[in-house]
Every structure is written in C-alpha cells, then in structure tokens.
Amino acid sequence: MGDPENIAVSPATLEKLKKASTATITMQLFKRGIRQAFLVNVRPMNPDAAKFAGDAYTMRFVPSREDLESSEAASEHSQLQFKGIESIQPGQVMVVDSREDIRAASMGHMLVTRLMHRGAAGVVTDGAYRDGPAISETPFPAYARAMTASSRLSFFNIADLQVPIGCAGVVVYPGDIVVGDAEGVVVIPRHMATEIAEDAYEQEELETFLFTKLEKGLPIWGVYPHPNEETMMEYQEWRKARQ
C-alpha cells in the first residue's frame with residue numbers, strides 16, 4: 001500500500017465526506033471490517049461550526065514530570081507545541097492525544113484561533129480546552145471532551161508531532177482522513193477515503209428516500225435497512241425525478 005500520506009485524496013472526496021454524516025461513515029467503515037473509528041465522548045465546542053473533513057496532523061502528549069517542569073524545560077516543550085501550530089497546513093486537522101485526561105487543557109483560545117488563521121480544517125482532542133466559552137463562540141471546528149481552566153503545563157508535556165497516536169481509543173496515523181459533524185468525529189484510513197466518500201453519498205441518497213416512507217408511517221419490513229425490490233424500483237423513480 002506504500003506510504004499512506006502519499007495516497008491522493010481529492011478535494012471533491014473531502015467535500016463529499018464533509019457532507020456525509022459521521023453515522024453514515026461509521027456504517028461504511030463497519031462494512032469494511034472497521035468496527036470502531038468514532039471518537040466517543042469527543043464533542044464540538046460550537047455545534048454550529050462542526051462540519052469538517054481533512055488530513056490528520058497529530059500531536060502526542062505524555063504526563064509531565066517534576067524534573068522537566070523548570071521554566072526552561074517548560075518553554076522547550078511549549079516550543080514543540082508552537083512548532084506544531086505553525087507547521088500545520090491549510091486543510092489539515094490537528095488531532096491531539098491527551099490520553100483522555102481532562103485535568104488540564106490541551107490548548108486554549110489563543111492557539112485555537114491561530115490554527116483557524118493558519119487555515120486548519122479543525123482541531124480535535126480527547127482531553128479538554130481552556131477558555132471553553134470563548135472557543136464555543138469561535139466559527140471553527142474544535143472538539144474536546146471537556147473544558148478546564150488548568151494550563152497544560154500542570155499535567156502534560158508534548159512528546160511528538162506527526163506520529164501514530166491514540167485519540168479517544170481510536171488509532172490515528174498522520175494523513176488519515178478525519179471527519180466531523182455535530183454528532184462527533186470519525187477517522188478514516190486514508191486508502192479507504194475515496195470509496196467511502198462515494199458509498200456514503202449513495203447510502204445517504206437512499207436513506208433520504210427511505211425516510212420519506214417511514215415518515216408516512218409505513219412499517220420497516222421491506223423498507224429499512226433492507227429495501228425490497230419494489231422499494232428499490234420506487235427509489236430509482238424518485239431519484240430520476242430529482243435529477
């Protein structure tokens with residue numbers, strides 16, 4: 001398969017993924033044997049600014065240690081975080097492995113704002129943000145488990161950038177495709193992104209039609225999740241009429 005980061009993913013594919021729900025994408029992943037790619041309990045700070053799709057840019061935290069908590073050492077680790085912020089490319093998503101620890105912030109409003117102006121597609125952590133109320137009013141996709149006023153320096157050091165990480169129990173490789181909506185965040189192996197985007201679009205087209213039948217009070221048999229031949233014929237006519 002080669003280096004996953006070298007597999008091309010077109011802007012059109014990212015747009016299709018951005019329009020698909022994370023529920024649809026997780027079903028498409030499930031059909032391909034990937035059972036859990038959804039970041040459980042990681043939620044958008046601002047649900048009105050939740051939709052995104054982009055390449056993962058990873059950052060890994062480790063617990064802080066007393067002999068590394070001098071002002072000089074803290075500054076060095078902060079520089080690594082700042083390097084990540086200033087290295088991210090337009091369209092990338094910063095994904096932070098905070099070890100699911102919400103005692104201190106992964107970052108705050110200042111760094112989130114800088115990511116936004118760098119052109120990042122979003123930022124995701126399985127930890128917490130400080131300045132949460134301000135971030136929740138920012139028109140930028142930012143996801144976390146919680147808010148906290150405590151600085152990152154209280155409990156975390158930055159260990160690595162652009163390495164495989166675990167975020168909310170899901171492995172994330174640099175270059176994986178990360179998609180978010182108001183429900184949450186899902187991670188797609190990069191080599192699957194194009195076919196999942198196409199199949200997710202087809203699934204949502206079909207389910208939009210099937211919902212119209214259930215909305216009328218029809219029973220699920222022969223409609224959802226396994227439409228029968230008659231239902232599929234009706235669907236094809238419905239789809240032609242929409243074109």
Please answer whether the main-chain N or O of [Y] pairs with a side-chain N or O of [X] as donor and acceptor at a distance below 3.5 Å.
{"X": "Arg114", "Y": "Met110", "answer": "no"}
{"X": "Gln36", "Y": "Phe38", "answer": "yes"}
{"X": "Gln81", "Y": "Ser106", "answer": "yes"}
{"X": "Ser87", "Y": "Gly84", "answer": "no"}
{"X": "Gln92", "Y": "Ala56", "answer": "no"}

Residue pairs passing the salt bridge (charged side-chain N to carboxylate O under 4.0 Å, His left out) test where at least one lies in [range], sequence neighbours excluded:
{"range": "residues 116-131", "result": "none"}
{"range": "residues 136-149", "result": "Glu100-Arg145"}
{"range": "residues 159-175", "result": "Arg60-Asp160"}

List in chain and number order the residues that pass salt bridge (charged side-chain N to carboxylate O under 4.0 Å, His left out) with [X], two or more places apart in sequence or in another chain; answer none if no residue qualifies.
{"X": "Arg103", "result": "Asp101"}
{"X": "Glu229", "result": "none"}
{"X": "Asp181", "result": "none"}
{"X": "Glu204", "result": "none"}

Using distance only, find each side-chain donor-acceptor pair of residues 211-227 under 3.5 Å and give its atom names and separation, not counting sequence neighbours.
unit_1, atom_1, unit_2, atom_2, d
Thr212, OG1, Phe209, O, 2.5
Lys213, NZ, Glu234, OE1, 2.7

Problem - Set of residues satisfying side chain to side chain contact (heavy atoms under 4.5 Å, CB included) with respect to Val171, sequence neighbours excluded - result: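 Counting only residues at least two positions away or on another chain, Val171 forms a side chain to side chain contact (heavy atoms under 4.5 Å, CB included) with Tyr173.
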Handout entry: For Arg242, side chain to side chain contact (heavy atoms under 4.5 Å, CB included) partners two or more places apart
Key = Glu205, Trp238
Compare every heavy atom of [Y] with every heavy atom of [X], then report the nearest pair and how far apart it is.
{"X": "Pro174", "Y": "Thr58", "answer": "CG-OG1, 3.8 Å"}
{"X": "Ser154", "Y": "Ser64", "answer": "O-OG, 3.7 Å"}
{"X": "Ser98", "Y": "Thr125", "answer": "OG-OG1, 2.9 Å"}
{"X": "Ala128", "Y": "Thr148", "answer": "CB-CG2, 3.6 Å"}
{"X": "Ala144", "Y": "Gly127", "answer": "CB-O, 3.6 Å"}
{"X": "Lys83", "Y": "Tyr57", "answer": "O-OH, 4.5 Å"}

Practice task
Any pair with a residue in residues 38-54 that passes side chain to side chain donor-acceptor pair (under 3.5 Å), sequence neighbours left out, goes on the list, sorted by first then second residue, please.
Solution key: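 The answer is Asn41-Arg43.
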Practice task
Start with the C-alpha distance between Gln28 and Met192, add both sets of side-chain angles, then the distance that settles side chain to side chain contact (heavy atoms under 4.5 Å, CB included), and finish with yes or no.
Solution key: CA-CA 10 Å; Gln28 289 300 326; Met192 294 184 178; over 6 Å; no
Exercise for the section: Any chance you could pull the hydrophobic cluster mates of Val172, using side-chain heavy atoms under 4.5 angstrom and chaining through other members? Expected result: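 For the cluster that includes Val172, the remaining residues are Leu39, Val42, Phe52, Val93, Val95, Val124, Tyr143, Val163, Ile165, Val170, Val178, Val185, Val187.
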Looking at [atom1] of [X] and [atom2] of [Y], how far apart are the two atoms once the value is rounded to the nearest 0.5 Å?
{"X": "Thr24", "Y": "Glu207", "atom1": "OG1", "atom2": "CD", "value": "5.5 Å"}
{"X": "Ile88", "Y": "Met59", "atom1": "CD1", "atom2": "CE", "value": "8.0 Å"}
{"X": "Thr113", "Y": "Ile135", "atom1": "OG1", "atom2": "CD1", "value": "7.5 Å"}

A side-chain contact here means heavy atoms from C-beta on lying under 4.5 Å apart; do [X] and [Y] qualify?
{"X": "Met232", "Y": "Leu206", "value": "yes"}
{"X": "Arg152", "Y": "Leu111", "value": "no"}
{"X": "Leu17", "Y": "Ile25", "value": "yes"}

